[in-house]
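Each remark here refers to the structure printed beneath this line.
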2 protein chains.
Amino acid sequence: MSNAKLPDEPAPRMSEHRAADAMVAEIEQDIVTGKLANGSPLPPERDLMGRFGISRTVVREAIATLTTRGLLESKPRYRPIVRSPGYDAAFSAVGGVVMHLLKQNNGVKTLYDVRIFLEASLVRHAALHARKDDIVALREALERNHAAIHDPVEFDNTDVAFHAVFYAIPGNPVFPAVHRAFVSWLFEHWQSMNRSVEQNLIYYAGHKAIFDAIIDRDPEAAEKALLSHLGEAWETVRGTF
Amino acid sequence: MSNAKLPDEPAPRMSEHRAADAMVAEIEQDIVTGKLANGSPLPPERDLMGRFGISRTVVREAIATLTTRGLLESKPRYRPIVRSPGYDAAFSAVGGVVMHLLKQNNGVKTLYDVRIFLEASLVRHAALHARKDDIVALREALERNHAAIHDPVEFDNTDVAFHAVFYAIPGNPVFPAVHRAFVSWLFEHWQSMNRSVEQNLIYYAGHKAIFDAIIDRDPEAAEKALLSHLGEAWETVRGTF
DNA sequence: TATTATTTTTGGTACGACCAAACTTTGTAA
DNA sequence: TTACAAAGTTTGGTCGTACCAAAAATAATA
């Protein structure tokens with residue numbers, strides 16, 4: 001809430017100053033300007049403390065800050081890796097909180113409902129605005145899904161991939177990122193359930209119904225099919241937590 | 001040298017272990033179980049280091065971790081405040097990354113488009129499913145907006161409040177949180193522009209058109225009105241960055 | 001009782017040190 | 001010459017101590 005401090009010049013404010021801010025700001029610049037290439041490791045902490053004239057304590061704090069901002073990716077014993085900010089980074093930053101939210105009352109259902117709402121809008125959008133290549137992508141995804149009906153693992157993958165197409169159609173990079181976030185948050189909750197072939201057939205039928213409605217350019221039917229499909233899916237997994 | 005030999009842990013398990021993890025896990029528990037009440041301050045760092053048998057360095061690192069997870073809210077010179085995880089916390093956790101994303105190519109437009117997409121779906125939903133009290137809330141928000149046409153600051157507030165109603169109608173706590181996030185991310189980019197009364201009249205007319213469509217239970221008209229309204233708004237602010 | 005001065009607490013930062021894991025270089029055998 | 005293992009060198013993780021200044025708490029005063 002009140003911690004939205006923009007990286008502005010610290011001229012007027014003073015008491016709000018943190019020693020790590022200087023390094024954070026500069027490294028931030030180096031990353032967005034490409035001076036620090038994406039994927040490259042951050043210089044050693046001992047170098048940084050020399051470069052900025054700060055103690056290692058502060059260097060490490062700065063690194064922590066940059067990590068939470070998604071500009072660095074740091075693993076336990078390794079050098080932090082530079083990451084240019086992206087939409088996926090944004091969502092992965094919330095992973096920690098979301099885990100708690102999912103555990104509390106109706107947390108999973110609440111998030112699943114959001115997914116339903118969004119995806120219903122997306123299929124409606126697809127029915128209205130999907131272009132030829134979008135349709136092709138959908139058809140191919142559907143066929144791959146059909147071909148994997150007897151392969152539990154692959155069916156899940158093609159299932160996710162089919163839905164992913166809808167998130168890609170608007171052409172806005174936020175939606176695919178949202179989808180990946182949904183998958184990573186929700187899927188693992190019922191990942192272990194053993195799908196039967198009959199189950200897969202039902203799911204595939206759901207996908208097919210959505211696809212057909214898209215072909216027919218019928219947003220109402222598409223939305224209805226999607227709602228039905230996701231409703232079924234929920235019923236089969238609601239007991240797994 | 002003369003340092004007393006600390007009892008080496010006889011069970012140094014896997015190498016993936018971080019010293020701060022123990023404290024993070026325990027405090028996490030204390031927060032979700034309410035042992036640490038929401039809004040209360042975290043115990044002093046020096047107490048924590050005694051309680052967990054770790055150095056202050058590690059205590060501070062644990063605090064940083066808990067902060068990024070949205071379980072603590074720490075201001076520069078003050079004690080961290082306990083915050084039970086909520087959907088708003090999730091979004092504020094991404095604030096840092098989003099700032100960067102907004103600065104890059106079309107960042108604001110990309111996010112604004114998402115807002116348009118979502119809000120279009122929300123007004124459509126409202127047209128179809130709004131209940132009496134939802135309509136009442138909308139009407140009251142609209143009236144307050146009308147009454148504030150000559151008050152630039154208050155007009156902005158009532159503007160936001162009117163749109164907020166749509167995010168509240170589905171009854172899913174995620175949507176209001178999304179709305180607040182949108183506002184905090186997008187609004188400040190054009191907050192400073194001086195609205196004229198004529199401008200406000202146009203905006204109010206947009207709100208009114210949406211409201212009327214809701215009353216008519218006409219989702220198509222509602223969506224169209226919303227699109228038109230947000231399109232106008234975009235045109236007036238697109239130059240401010 | 002309200003205000004202000006004073007003491008104590010506590011977070012922010014610095015230094016220095018040590019360990020163990022990761023990274024390099026070197027040495028040796030095939 | 002090459003492959004691989006041993007030895008040496010970074011470098012991140014953690015600890016401990018110390019000091020300062022800003023909060024918080026307490027005492028003094030109008």
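All chains are named by letter (A, B, ...) in the order of the sequence lines, taking the proteins before the strands, and each is independently numbered beginning at 1.
- Here CZ of B:R238 is found 10.5 Å from OG1 of B:T236. Values are rounded to the nearest 0.5 Å.
- Remark: P of C:dA21 and CZ of B:R18 are 15 Å apart, rounded to the nearest angstrom.
- Residue B:R46 places none of its side-chain N or O atoms closer than 4.0 Å to OP1 or OP2 of C:dT9.
- Atom pair B:L72:CG and C:dG11:C1' shows a separation of 14 Å (rounding to whole Å applied).
- Applying the ring pair (Phe, Tyr, Trp, His ring centres under 6.0 Å) test to residues at least two apart or on different chains, the pairs with a partner in residues 143-163 of chain B are B:H146-B:Y204, B:F162-B:F166, B:F162-B:H207, B:H163-B:H207, B:H163-B:H229.
- Within the structure, every side-chain polar atom (N or O) of A:Y78 is placed at least 4.0 Å from both OP1 and OP2 of D:dG12.
- The list of ring pair (Phe, Tyr, Trp, His ring centres under 6.0 Å) pairs with a residue in residues 37-94 of chain B, not counting sequence neighbours, is empty.
- When the side-chain nitrogen and oxygen atoms of B:R56 are compared with OP1 and OP2 of D:dG16, none of them lie within a distance under 4.0 Å.
- A heavy atom closer than 4.0 Å to some atom of DNA chain D occurs in A:R60, these being the qualifying members of residues 59-66 of chain A.
- Toward the 5′ end of DNA chain D lies the nearest nucleotide of A:D47, the other residue of the pair B:I54 and A:D47 mapping further downstream.
- The separation between B:K75 atom NZ and C:dG12 atom P is 12 Å, rounded to whole Å.
- Here the P atom of nucleotide C:dA14 and the CG atom of A:L48 are 13 Å apart, to the nearest Å.
- In terms of heavy atoms, B:A148 sits closest to B:T158 at CB-OG1, 4.0 Å.
- The interatomic distance linking A:R79 (CZ) with D:dT10 (C1') rounds to 9 Å, in whole Å.
- Listed candidates were C:dA14, D:dG13, C:dG12. Nearest to the side chain of A:V58 is C:dA14.
- Atom-to-atom, CD1 of B:I81 to P of D:dA23 comes out at 14 Å; the value is rounded to the nearest Å.
- Defined by atom type and a distance below 3.5 Å, a donor-acceptor pair is present between the side-chain atoms of B:S121 and A:S121.
- Closest to the side chain of B:T57, from the set D:dC15, D:dG13, D:dG12, is D:dC15.
- Panel note: side chain B:Y112, backbone B:L230; a donor-acceptor pair is recorded below 3.5 Å.
- Ranking D:dT14, C:dC15, C:dG12 by closeness to the B:R77 side chain, first place goes to C:dG12.
- Counting to the nearest Å, the P atom of C:dT13 and the CD atom of A:E45 are 16 Å from each other.
- With the nearest nucleotide of DNA chain D identified for both A:L42 and B:M49, A:L42 has the one nearer the 5' end.
- Using a 4.0 Å cut-off between a side-chain N of Lys or Arg and a carboxylate O of Asp or Glu, A:D30 and A:R51 qualify as a salt bridge.
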